[in-house]
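Below: the structure, in structure tokens.
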Amino acid sequence: CETCSKEEAKYRCPRCMKYSCSLLCVKKHKLALSCNGVRDKTAFVSVNEFTDLNLLSDYRFLEDVGRTADAAARHCLVHSPATKRLLYCLRNKARGCNIELKTLPVGFTKRRENSTTFNSVENKFYWHLKLIFPHCHAEYTLKGVPDDKTLADILKPYIDPLESDPVVCQRLKLYTASPQSDVRILMKVENRNRNSIRYNELDASRSLLDNLKGKVIIEYPTLFVVLKTMKNDMVVLGQ
């Protein structure tokens, strides 16, 4: 025992690794070293000493962090009356543009992600937007997209052979190599049965606002960019 040096050690402190023989010595070593006896989950472990147990410990630690963050996101202070008023104002402005904007309850991922705002001075929406390219299994999230921007301009940094980022261009080469006339932009029709999923085809030459008019949006728009020449199971409304 590293406290009394008399008896055979039976216990080892998970935090400071001191050996103790009894509960009395455990309490003494905690008092002397100001040790709380709780294992330090973030202590440095060298690669040579890293085991499956350390990996499992790190995984559980990350799970605990995720639960704590989720609990904080659900706290009543985060969803104060002021926040509710902002959401009501956002839905009201969307209704004025003939857009039915629906917001999800607290705790949903899309509710947490959504960064859509309305600028009352410019009388303009700045949308949180998700682009999905199913043929390349890629998706991108855009923030602060003005509602007067055309869909063609929104897609240029992704599928235009000249203006797109080289890394993105390489990942989406199936799209960049295809003629622009083959590109279709679809948006899922909300509030339909699971066995009757349909999509609206959008006009790339028109603004985002014009394309969203008359449609139901849950939190933010999600656009699917597909190619006419590629087989896909997305059925356009009316087909």
Check the pair Cys136, Tyr175 against side-chain contact (heavy atoms from CB on, under 4.5 Å), reporting the backbone distance first and the verdict last. CA-CA 9 Å; Cys136 293; Tyr175 290 86; 3.7 Å; yes
To the nearest 0.5 Å, what is the distance between [atom1] on [X] and [atom2] on [Y]?
X: Ile217; Y: Thr116; atom1: CD1; atom2: OG1; answer: 8.5 Å
X: Asn200; Y: Leu223; atom1: CG; atom2: CG; answer: 11.0 Å
X: Leu186; Y: Ile132; atom1: CG; atom2: CD1; answer: 11.0 Å
X: Thr109; Y: Asn114; atom1: OG1; atom2: CG; answer: 12.0 Å

Taking [Y] as the starting point, is it possible to reach [X] by hopping between hydrophobic residues whose side chains are less than 4.5 Å apart?
X: Leu104; Y: Val216; value: no
X: Ile154; Y: Ile185; value: yes
X: Tyr126; Y: Leu129; value: no
X: Tyr220; Y: Leu131; value: no
X: Val225; Y: Leu142; value: yes

Can you confirm whether [X] sits close enough to [Y] that some side-chain heavy atom of one is under 4.5 Å from a side-chain heavy atom of the other?
X: Val38; Y: Pro14; answer: no
X: Arg184; Y: Val236; answer: yes
X: Thr176; Y: Lys173; answer: yes
X: Pro221; Y: Leu212; answer: yes
X: Ile197; Y: Arg192; answer: no
X: Lys215; Y: Asn98; answer: no
X: Thr103; Y: Arg91; answer: yes

Donor-acceptor contacts under 3.5 Å from residues 203-211 side chains, at least two apart:
| from | atom 1 | to | atom 2 | distance (Å) |
| --- | --- | --- | --- | --- |
| Asp203 | OD1 | Ser205 | N | 3.1 |
| Asp203 | OD1 | Ser205 | OG | 2.8 |
| Asp203 | OD2 | Ser205 | OG | 3.4 |
| Ser207 | OG | Asp210 | N | 3.2 |
| Ser207 | OG | Asp210 | OD2 | 3.2 |
| Asn211 | OD1 | Asp203 | N | 2.8 |
| Asn211 | ND2 | Asp203 | O | 3.0 |
| Asn211 | ND2 | Arg206 | O | 3.4 |
| Asn211 | ND2 | Ser207 | O | 2.9 |

Any salt bridge (charged side-chain N to carboxylate O under 4.0 Å, His left out) involving residues 5-33? Give me the pairs, sequence neighbours left out, ordered by first then second residue. Glu2-Lys18
Determine which pairs satisfy salt bridge (charged side-chain N to carboxylate O under 4.0 Å, His left out) with at least one residue from residues 129-141, sequence neighbours left out, and list them in order.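 Sorted result for residues 129-141: Lys130-Glu139.
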Which residues pass the ring pair (Phe, Tyr, Trp, His ring centres under 6.0 Å) test with His29, not counting sequence neighbours?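 Once residues adjacent in sequence are excluded, His29 has no partner under the ring pair (Phe, Tyr, Trp, His ring centres under 6.0 Å) criterion.
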Restricting to ring pair (Phe, Tyr, Trp, His ring centres under 6.0 Å), what partner residues turn up for Tyr199, sequence neighbours left out?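 Ring pair (Phe, Tyr, Trp, His ring centres under 6.0 Å) list for Tyr199, sorted by chain: Phe224.
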Salt-bridged, [X] to [Y], with N to O below 4.0 Å?
X: Lys41; Y: Asp58; answer: no
X: Glu100; Y: Lys102; answer: yes
X: Arg67; Y: Asp70; answer: no

Do Tyr158 and Tyr140 make the cut of ring centroids closer than 6.0 angstrom?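 When the ring centroids of Tyr158 and Tyr140 are compared, they turn out to be within the sub-6.0 Å range.
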May I have the step-by-step check of side-chain contact (heavy atoms from CB on, under 4.5 Å) for Leu151 and Leu202, ending in yes or no? CA-CA 9 Å; Leu151 297 187; Leu202 308 182; 3.7 Å; yes
For [X] and [Y], work out which heavy atoms get closest and say how close.
X: Cys13; Y: Gly37; result: SG-CA, 3.9 Å
X: Ser20; Y: Thr3; result: OG-OG1, 4.2 Å
X: Phe125; Y: Cys97; result: CE1-SG, 4.2 Å

Ignoring hydrogens and geometry beyond distance, is a side-chain donor-acceptor pair present between Thr42 and Asp40 at under 3.5 Å?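 There is such a pair (donor and acceptor under 3.5 Å, judged by atom type) between the side chains of Thr42 and Asp40.
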Run Leu172 and His135 through side-chain contact (heavy atoms from CB on, under 4.5 Å) and show every step you take. CA-CA 9 Å; Leu172 302 178; His135 304 310; over 6 Å; no
Can you give me every donor-acceptor pair (side chain of residues 46-57, partner residue at least two apart or in another chain, under 3.5 Å) with its distance?
| from | atom 1 | to | atom 2 | distance (Å) |
| --- | --- | --- | --- | --- |
| Thr51 | OG1 | Leu53 | N | 3.3 |
| Thr51 | OG1 | Asn54 | OD1 | 3.0 |
| Asn54 | OD1 | Thr51 | N | 2.9 |
| Ser57 | OG | Arg39 | NH1 | 3.1 |
| Ser57 | OG | Arg39 | NH2 | 3.0 |

Test side-chain hydrogen bond (donor to acceptor under 3.5 Å, both in side chains) applied to Glu219 and Arg111, Arg112, His128, the passing residue: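 Only one option passes, and that is Arg111.
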Lys NZ or Arg CZ of Lys124 over Phe118 ring: under 6.0 Å, within 45°: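 No, cation not above the ring by the 6.0 Å, 45° rule.
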Check for a donor-acceptor pair, side chain of Asn119 on one end and backbone N or O of Glu122 on the other, with a separation under 3.5 Å.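 Side chain of Asn119 to backbone of Glu122, a donor-acceptor pair under 3.5 Å: yes, one is there.
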Given the rule in the side-chain contact (heavy atoms from CB on, under 4.5 Å) test, do Thr117 and Trp127 qualify, once you have shown the distances and angles that lead to the verdict? CA-CA 7 Å; Thr117 58; Trp127 289 98; over 6 Å; no
